[in-house]
Amino acid sequence: MDLFTVLVVDDEEDFLETIVKRLQKRKIDAHGAKSGEEALEITKKIPVDVVILDIKMPGGMDGIETLREIKRIQPLTEVILLTGHASVETSIEGIKLGAFDYLLKPVKLEELLPKLLQAFEKKDSQDQKIKNARIKEALKYD
């Protein structure tokens with residue numbers, strides 16, 4: 001059984017494949033996407049607990065635009081931003097848009113894993129609160 005679901009979004013193919021494989025070895029249901037557009041297609045199909053999202057991606061959607069759309073599709077999904085550029089402004093914008101946190105690239109797995117756990121715990125807590133509220137509502141009697 002997989003522990004939780006993570007989507008890694010990065011245009012650097014070697015980084016993407018390495019992180020996905022290392023997460024899968026830890027029994028995490030990890031998926032990879034090379035673009036914002038591909039990430040959105042995945043989030044429309046499967047529930048994702050945490051997204052690891054590169055801010056700077058060439059071509060179509062950048063990370064901030066992708067973050068906005070992920071939050072629209074799956075509002076409770078937590079997003080960890082990755083930036084190879086120490087762009088404080090962009091990272092702050094991402095936090096304001098609902099990102100859980102950000103890390104500077106290159107990121108070591110030892111730095112990423114604790115953030116993944118914290119992000120998952122936050123999402124899981126929100127999911128549990130919603131479930132409990134629904135149960136309380138269902139158990140109210142007239």
Side-chain angles (χ1 to χ4, degrees), residues 1-140:
M1 182 177 107
D2 292 321
L3 302 173
F4 58 99
T5 303
V6 174
L7 174 60
V8 183
V9 186
D10 199 300
D11 60 300
E12 295 177 35
E13 203 164 328
D14 290 342
F15 173 81
L16 179 64
E17 288 178 11
T18 300
I19 293 295
V20 168
K21 285 178 186 173
R22 292 180 80 184
L23 293 174
Q24 289 172 342
K25 282 184 181 179
R26 287 169 170 78
K27 305 290 185 226
I28 294 171
D29 182 20
H31 303 265
K34 296 176 196 162
S35 68
E37 293 85 357
E38 188 179 348
L40 297 180
E41 289 304 313
I42 292 170
T43 57
K44 288 175 184 174
K45 294 176 185 172
I46 63 169
V48 176
D49 295 305
V50 182
V51 175
I52 301 166
L53 176 61
D54 189 12
I55 291 177
K56 300 285 184 190
M57 291 183 286
M61 299 176 74
D62 68 5
I64 296 298
E65 190 178 347
T66 305
L67 167 65
R68 277 191 188 100
E69 288 301 307
I70 287 171
K71 286 297 197 173
R72 187 183 61 75
I73 296 166
Q74 293 188 28
L76 294 180
T77 296
E78 293 299 336
V79 178
I80 299 169
L81 299 173
L82 297 180
T83 183
H85 320 349
S87 171
V88 177
E89 297 83 19
T90 306
S91 301
I92 289 172
E93 181 183 357
I95 299 295
K96 287 180 181 176
L97 290 171
F100 177 76
D101 206 345
Y102 69 93
L103 295 169
L104 297 178
K105 285 174 80 175
V107 65
K108 293 183 175 150
L109 196 64
E110 301 80 45
E111 292 176 70
L112 184 58
L113 292 176
K115 288 288 180 199
L116 270 177
L117 178 59
Q118 292 166 3
F120 172 72
E121 287 173 339
K122 181 178 178 188
K123 179 177 187 289
D124 190 51
S125 173
Q126 292 298 319
D127 286 343
Q128 196 59 48
K129 285 178 186 175
I130 291 168
K131 184 177 178 181
N132 289 345
R134 287 181 178 152
I135 290 170
K136 286 179 184 175
E137 185 64 31
L139 295 179
K140 283 185 181 177

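Counting from 1, the numbers follow the sequence of the chain as shown. Predicted, not measured: the structure shown is a model, and the values here were computed from it.
- Between the OG1 atom in Thr83 and the CG atom in Leu104 there is a gap of 6.5 Å [rounded to 0.5 Å].
- Between Lys131 and Arg134, the closest side-chain pair of non-hydrogen atoms is not below 4.5 Å.
- Taking the side chain as every heavy atom from C-beta outward, Ile19 and Leu109 approach each other to under 4.5 Å.
- With Gln74 contributing its side chain and Val48 its backbone, the two residues share a donor-acceptor pair below 3.5 Å.
- Listed by first and then second residue, the salt bridge (charged side-chain N to carboxylate O under 4.0 Å, His left out) pairs involving residues 6-16 are Asp10-Lys105, Glu12-Lys105, Glu13-Lys34 (not counting sequence neighbours).
- Closest approach of Ile46 to His31, counting heavy atoms only: CD1-NE2, 3.5 Å.
- Taking the side chain as every heavy atom from C-beta outward, Glu65 and Asp62 approach each other to under 4.5 Å.
- Residue pairs meeting the ring-ring contact (aromatic ring centres under 6.0 Å, His included) criterion with at least one partner in residues 109-128, sequence neighbours excluded, are Phe4-Phe120.
- Among all heavy-atom pairs drawn from Lys71 and Leu97, the shortest one is CG-O, 3.9 Å.
- Side-chain contact of Gln128 with Asp124: a donor-acceptor pair under 3.5 Å is absent, judged by distance alone.
- Applying the side chain to side chain donor-acceptor pair (under 3.5 Å) test to Glu38 and every residue at least two apart in sequence or in another chain returns nothing.
- When the side chain to side chain contact (heavy atoms under 4.5 Å, CB included) test is applied to Glu41, the partners found at least two apart in sequence or on another chain are Lys44.
- When side chains are defined from C-beta on, Leu113 counts as touching Leu23, because their heavy atoms get closer than 4.5 Å.
- Side-chain contact between Val9 and Met57: present, with at least one pair of heavy atoms (C-beta onward) separated by less than 4.5 Å.
- Here CG of Asp29 is found 9.0 Å from CG of Asp49. Values are rounded to the nearest 0.5 Å.
- Rounded to the nearest 0.5 Å, atoms CG (Leu40) and OG (Ser35) are 8.0 Å apart.
- Residues passing the side chain to side chain donor-acceptor pair (under 3.5 Å) test with Asp127 are Lys123, sequence neighbours excluded.
- In plain terms, the two heavy atoms of Leu67 and Ala99 that are nearest each other are CD2-CB, 4.1 Å.
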Criterion side chain to side chain contact (heavy atoms under 4.5 Å, CB included) on Phe100 and Val50, from CA distance to verdict:
CA-CA 9 Å; Phe100 177 76; Val50 182; over 6 Å; no
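- Distance check, rounded to the nearest 0.5 Å: NZ of Lys115 to CG of Leu103 gives 6.0 Å.
- Here the CG atom belonging to Leu116 is positioned 11.0 Å from the CG atom belonging to Asp101, to the nearest 0.5 angstrom.
- Nearest heavy-atom pair across Val107 and Leu82 is CG1-CD2, 4.1 Å.
- Tested against Val51 for a side chain to side chain contact (heavy atoms under 4.5 Å, CB included), the candidates Leu81, Val79, Ile42, Ile80 yield a single pass: Val79.
- Not counting sequence neighbours, the partners of Lys96 by the side chain to side chain contact (heavy atoms under 4.5 Å, CB included) test are Ile92.
- Shown here for Glu37 and Met61, the closest heavy-atom pair between the two residues is OE2-N, 3.0 Å.
- To the nearest 0.5 Å, atom CD1 of residue Ile135 and atom CD of residue Glu137 are 12.0 Å apart.
- The shortest distance between side-chain heavy atoms of Thr43 and Thr77 does not fall below 4.5 Å.
- Minimum heavy-atom separation, Ala39 to Ala33: N-CB, 3.7 Å.
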